[in-house]
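All chains are named by letter (A, B, ...) in the order of the sequence lines, taking the proteins before the strands, and each is independently numbered beginning at 1. Computed from a predicted model, the values in this text were never measured in an experiment.
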There are 2 protein chains.
Amino acid sequence: MPAPLATRTEVLDRIMESFRKDGYDGASLETISKRVGLGKSSLYHHFPGGKEEMAHAVLAHLNEGLRETFDVVKAEPHPKKKLDLILDAIDALYEGGKKACLLARLGASVDRIRFGAPLKATFSGLMSVLADICRAAGLTAPIARHRAEQAIVRIEGALVVSAAMGDPGVFARTLAELRTTLLLPDRGR
Amino acid sequence: MPAPLATRTEVLDRIMESFRKDGYDGASLETISKRVGLGKSSLYHHFPGGKEEMAHAVLAHLNEGLRETFDVVKAEPHPKKKLDLILDAIDALYEGGKKACLLARLGASVDRIRFGAPLKATFSGLMSVLADICRAAGLTAPIARHRAEQAIVRIEGALVVSAAMGDPGVFARTLAELRTTLLLPDRGR
DNA sequence: GTCTATATTTGGATAGAC
DNA sequence: GTCTATCCAAATATAGAC
């Protein structure tokens, strides 16, 4: 609440923190207002559509941040370094497993609020970037897609389990294993 | 609202459905009341502590159901059959990935409501059962623990991603892969 | 044990001054 | 652009009849 100058990015970052921590339904305008450091009316000035518009704006904001990361990754030629870059970004985003995933939290309200499309888009984007890396490492397209899907599954699951167990180590171990195994050649079965 | 006789188990099952679908904050007494088929006052008669007590009761109810499954699993001697039994139960519980995980949903409110202990207990229980199966299949204790942890990570993650993508196939593929790989001998690295 | 009715609080949203 | 004050609806919870 201190910062007197709140740029739009800062505002969005803080609203994002509210939704991440409490979920869409658990985050009230009251608590968001306090966290952002702006009164409710000021929030409505920036987001006339209220809480729902805030959530959509936050999702778009997250997507923008991810796109920047993706651009950096694409500029890197080595597959393993690509992977490390993206997992570093994910590790930082969730602060080593101490913070929840916005997408998972908003997903809980997907039946009542219209988050379906942006949520799906974000996951799809992440998935195709990971699949690209897998293919660059020499894996076939179907295997690459499957690996990418399971990587995201494991990242999301690790965040859920880390939070429930109060143990960020779960997340750390999961990321570490992805780093060493995601690009390994396929061994068939 | 049909069932005129609502045994406590039925009531708990329906409340559980409410929390699974909408999360703790998203489930209102109004919607719970409708789903259960009892008026709000009747709910308070059964759960004087209100919504929070309902959630705790539902968690205890889930634990009881899991314990019964665990007992059946323990009676089965073959590791692979043990695994299949437990994954069948999980598949049924989440209806092939179409239903969300109560634990993940309640985890979103863990900072405001006191779910930490029961949540952790449930995950720990599931984890130790899976680890037992892995050890019975010949894996060492540390490997078994790690495999069990990652199995739960993947199950939870698959539920999150399936819901967000609107594709239960993610869950199905994840379970299928766990069936064929969880008990495989360790290959070192 | 369940209901109707009501109290109380909180949450989302707006009006209008500065 | 931000604030204070306020409105209205919804949510939690209780009282008391049956």
By the 4.0 Å heavy-atom rule, please label A:K51 as base, sugar-phosphate, or nothing. sugar-phosphate
Starting at atom OH of B:Y44, determine the distance to atom C1' of C:dT6, rounded to an integer number of angstrom. 14 Å
Nucleotide of C:dA13, D:dA11, C:dT2 approaching B:L38 most closely (side-chain heavy atoms): C:dT2
In whole angstroms, the gap separating P of C:dT2 from CZ of B:F47 amounts to 11 Å
Mind calculating the distance between CD1 (A:I32) and C1' (D:dT2) to the nearest angstrom? 18 Å
For B:H45 and C:dC3, is the shortest distance between a side-chain N/O and OP1 or OP2 below 4.0 Å? no
With no hydrogens and no angle check, do the side chains of A:E53 and A:H46 hold a donor and an acceptor under 3.5 Å apart? no
Flag for A:R35-A:S18: side-chain donor and acceptor within less than 3.5 Å: yes
Assess the pair B:H56 and B:F115: is the distance between their ring centroids shorter than 6.0 Å? yes
Determine the stems involving DNA chain D; a stem requires 3 or more consecutive pairs of the Watson-Crick or G-U wobble kind, each with both distances below 3.5 Å, and the answer is none if no such run exists. C:1-18 with D:1-18
OP1 or OP2 of D:dG1 versus the side-chain N and O atoms of A:S42: is any pair under 4.0 Å? no
Is the base of D:dA15 touched by the side chain of B:S41 through a donor-acceptor pair closer than 3.5 angstrom? yes
More than 12 heavy atoms of other residues, nucleotides or ligands under 6.0 Å from NZ of B:K80: is that the case? yes
Please report the distance, rounded to the nearest Å, between CG in A:D25 and P in C:dT10. 18 Å
Do the side-chain N and O atoms of B:D25 and B:S109 include a donor-acceptor pair separated by under 3.5 angstrom? yes
As a quick check of understanding, evaluate side chain to side chain donor-acceptor pair (under 3.5 Å) for B:T122 and B:N63, giving each step before the final call. CA-CA 6 Å; B:T122 306; B:N63 269 325; 2.9 Å; yes
